[in-house]
Each structure stands twice: as C-alpha cells, then as structure tokens.
S.K.: 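Just passing along the structure, written as structure tokens.
Counting convention: from 1, in listed order, for ligands and their atoms alike. This one's a predicted model, so the numbers in the text were calculated from it and none came from an experiment. Side-chain atoms are counted along with the backbone in the values below, which use heavy atoms only and exclude waters and symmetry mates.
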Amino acid sequence: MFKEVRRRISRFAQAIRTMTSTFFVLGDQLSTEVAPWPTLPIDTVILMIESQELISQPRHLTRVSLYLAAMRQFREHVIALGFTVDYRRASNFTQGITAHRKQFEPTAIAMNTPRGRHAISLFTKLGVDLYPDPFYLTDIEEMKTRKKRPATLENFQREQRRRLNLLMDGDEPLGGQWNFDTSNREPLPRDGGTWPEPWTVSLSTAEDALVQELKDTHPGEDALTYWPRTREQALDQLRDAVERIVPHFGPHEDAASADNWHLAHSRLSPALNMGLLHPSEVVEAVMTAFAAGKIPLESTEGFIRQVTGWREWVWLLHHLRGDEYENLNFLAANNSLPGSWKEMGDHEMRCLDGVLKHLHNYGWNHHIERLMILANAATLAGINPLELSNWMATTYVDGAQWVMEANVIGMGTFGDGGQTATKPYIGGGNYISKMTNYCKGCKFSPTVRTGDDACPLTTLYWDFLIRNEEKLAKFNRIAPQRRAALGRPDRQEIQAQAPLATKILLQNKKGV
Ligand code: SF4
C-alpha cells in the first residue's frame, strides 16, 4: 500500500550515504526508523539540544514535560543503538550548534528538514544541510513543482485515496461515496454517551522529577500520563486506539461534551507530530482492522480523512505558502488574545469554561472544541488570528506552527479571506446547544440574542454577519445566513448588545 512512500524514503537514504559527522535531531523528529537512520554511519555524532529559550516560555506544563521526556528517552534509545550523542542544554539553538561545532569540529551538520518554515529558515542560516522530511505521506517537492495542484482539501483527499489505494473499489470509492459526513455529524447523545477510557502509561521516576521541576513555572496540570513518550508507548497507544476507540470515532466526531474531554478521539496526534508514529503505520493499522470487520466504513473513512487528508494538507499549505501568510487578517480582527484564555481559568460562559478547563487539565482539546468553541468565539469576538494561532501552537501538546497556521488563520478564523475555507466557520449558541451539552446549566440562553440572558455567542454571531456584511458578500456559501442577518428586525438591538457580549467573552469569571 505504501510502496511509493517507502521508495521515496529509500531514495533519500541513498543520498545520505555520503554524509557527515553530525546528525541533528529536533524534538519532533523522534524516530530512528525513517531516513537517514537505517544508513547512518555508526560514527555519526547525534546532536540534540534542549533550548532554554523554548523551555522558559509560558507553555503548558504537559507540553513542555512531554517534549523533554520524549527527547531524553530518545537519547537513551540512540545511545543503545551505539551512536555517540551530544545532548546539550543551550540558551537557544544557535548557541547550541555553535558550541557543538566548537567541541566536535564536525565536517558538516545535517538534519531532516524541520516541519515549520521558521525553523527551516533558522537552520539554513546556521549552515545545517537539510534532507527531505520523511515524516509524511506526500512528496512535497513533487507537489511544489506540479503545474496543477489540487485546489481543495476534498480534491486532495480523493487524490490521496487513489494514490495510496485506500478504501477504493477500482477507481471508485468503496461504499459509493467519498465521505460520510452526513453519518458522522451526530450530536452528543442525550444521556451524554459512554466513551472508551483514555489510554495512559505511568511516569518513570525521572519523568516525575521533571514534572516537579517544571510545575512552578508553567501553567496547566500535569497530564503526562495520557501521552506516550517513547516509540514503544506510542505503538501501544496505536494498538489500543485501533482496538477500542477508532471503531466509535465517526458518528460523534463533530460533538463535544462538558463531562468528557476525549469522547472517541484517538489522541494520536502528539505521537504523530513528535515522530514517534509515522502516518503510514497509523493508516495501515486502521485499514487492517477495517479489513477484519472491526471498524465500520464510516468511522474508517472519517479517521483516514484526518490523517491522509487534513493533516497532510495543512502541512503542504504551510510550506507552499510564504511567511506573509501568517499576517493575513481579512476581517481586521485586532482584539488581543485575552488573559483569561491564556490562564485557562474559570469563565462565565459554560462552553468556554469547559473547553479551557479541558485544556488546563490535559494540554489538549479535540478538534471540535478547538474549532467550534475556541476559534468560533475568537472569530466572533474579533481576536487576532495570529495571536490565537501562536497561542495554540505553543500551548497544545500537539501544537506547532505548521499545524495551527491553516487550522487557525485559514479554517478557524477566516483570517486568509477564503484561501483555505469557503466561508467563515461560525455558529451561535443554537449550534453549540445542538451538538454539545455545554448549554445545560449555563447562565446564558443559547436562543436569546439580546438582554441579560443573551448568549454572547448568539449575539455576536448575528453581529458578526451584520458588521461584516460587505466583506462576506462574495462568499456564496454564507449567503443564506447573511441574508437572514440583513432581514433581522432587531439588528440595532443586537449591535447595541455586542460590546457587552464581547466583554463577557474576553473576561474571566471575576470580570478581568
Ligand atoms: Fe456557551 Fe451560550 Fe451555550 Fe452558554 S448558552 S454554553 S455561552 S453557547
């Protein structure tokens, strides 16, 4: 199934036989099973750097401890393979590479291409040779030079399905349809549903000490136990996800619950984004279970789409676009990211309160909590897209610049004015009430637009459509909502209520 990917990787491996005395590994490249490792001469020095500049930023405790714990265990793994490892703590990467060069005098330093544009630019300037990124299914160089690239995610995903022969019946999709979104959009069950317990693995003594060392300087709770730090743990999490979780993924993939932070999400993204798992083995495991009748077609399709479609697509977009993309702000949204969100503290709105608590407790939200609640609220309240993107990139356990850019600036906030999505992804309280149980017990009412009980998201949903009506005129897919807003008899009252709704959304429960 993945012969093409493996052929490409072995092509890269051939090119690397001629290298180099130092191979540099970042915290999101933690695999010795990808190129160039199988052909790396054993006298190569492996360089790893803990950057104080990154560690000292106010990132979520679980995120910082996860990366450091995984890097330290990877160091032990590489030493056990027989390599010399220069594992150093430095004030930043520049200082670390300079100090390494001084001590080891390597003939050259090489690394696999970093996943983000900023990192590529930094390490290129530092004279590090970059080899093709082996952590994805798509050949980015081929994509860059193609005359005609897929214009939309849907086209890209169909191309991936055909190229990788996934869920295909000849040239047609298995089951007669390319996606099962209509079956996969069920709201949360009325009784809240029953969800598989999350996979966990206990902390080693060294990991426990690491968490103790970091906990006074980083926000959030310690949730390291929920995330794998080694290759073996990641494989175990994958096995468990395929057996117990992915079979239930599809139907409620667009729902969210105040009482459950994970639902039937696999939570494999941190392991994938750190390199502990390769997308090809994740897809292969799910396809094998599907072939054995253990995962229904709808859930398989929904899951495969996330890994081979959306994940690869946002990575490609990040590299096909230039640095100017990150400053796009089509809706002129200039409110700062509120301190109440950064603190992940108590909030008057039950939906924001719950999502921020999930983030505080686990360093993670599933994609619907990120998109339907956080990014939606940010869009409606005019929060700056880049600020939101940077915060998510550095707070979430699976966050990164390449992940968040298209997700937040494109899809989540419509900052790119339609380059990624065909319309702004917005919803008022009614939609949140339909798909989640957050509104039950909230002091606001999802159906009310004005007055003391008005749901801030409902007020701002209509206010957004009214205040942006000119900018939205060219986007056909939002025309019905725009027309409805134009025809609202209570337009003035909504606009009069909007500043209060924005204030409630931005402040915490104490009103600050
Ligand atoms: Fe959120 Fe509005 Fe529902 Fe309250 S009523 S939980 S503020 S959507």
S.K.: To the nearest 0.5 angstrom, please state how far the CG atom of Leu472 sits from the CZ atom of Arg482.
M.R.: 7.0 Å
S.K.: Over all heavy atoms of both residues, which pair between Met372 and Asn376 is shortest? Give the atoms and the distance, please.
M.R.: O-CB, 2.9 Å
S.K.: Is the shortest side-chain N to carboxylate O distance from Glu469 to Arg491 below 4.0 Å?
M.R.: yes
S.K.: List the steps and the verdict of salt bridge (charged side-chain N to carboxylate O under 4.0 Å, His left out) for Arg117 and Glu405.
M.R.: CA-CA 11 Å; Arg117 283 194 316 266; Glu405 195 170 83; 2.9 Å; yes
S.K.: Only protein N/O/S atoms count here: give how many lie under 2.8 Å from atom 2 (Fe) of ligand 1.
M.R.: 1
S.K.: Just do the side chain to side chain contact (heavy atoms under 4.5 Å, CB included) check on Ile140 and Trp315 with the steps written out, would you?
M.R.: CA-CA 9 Å; Ile140 196 163; Trp315 173 68; 3.7 Å; yes
S.K.: What distance separates Trp178 CH2 from Asn155 CG, expressed to the nearest 0.5 Å?
M.R.: 10.0 Å
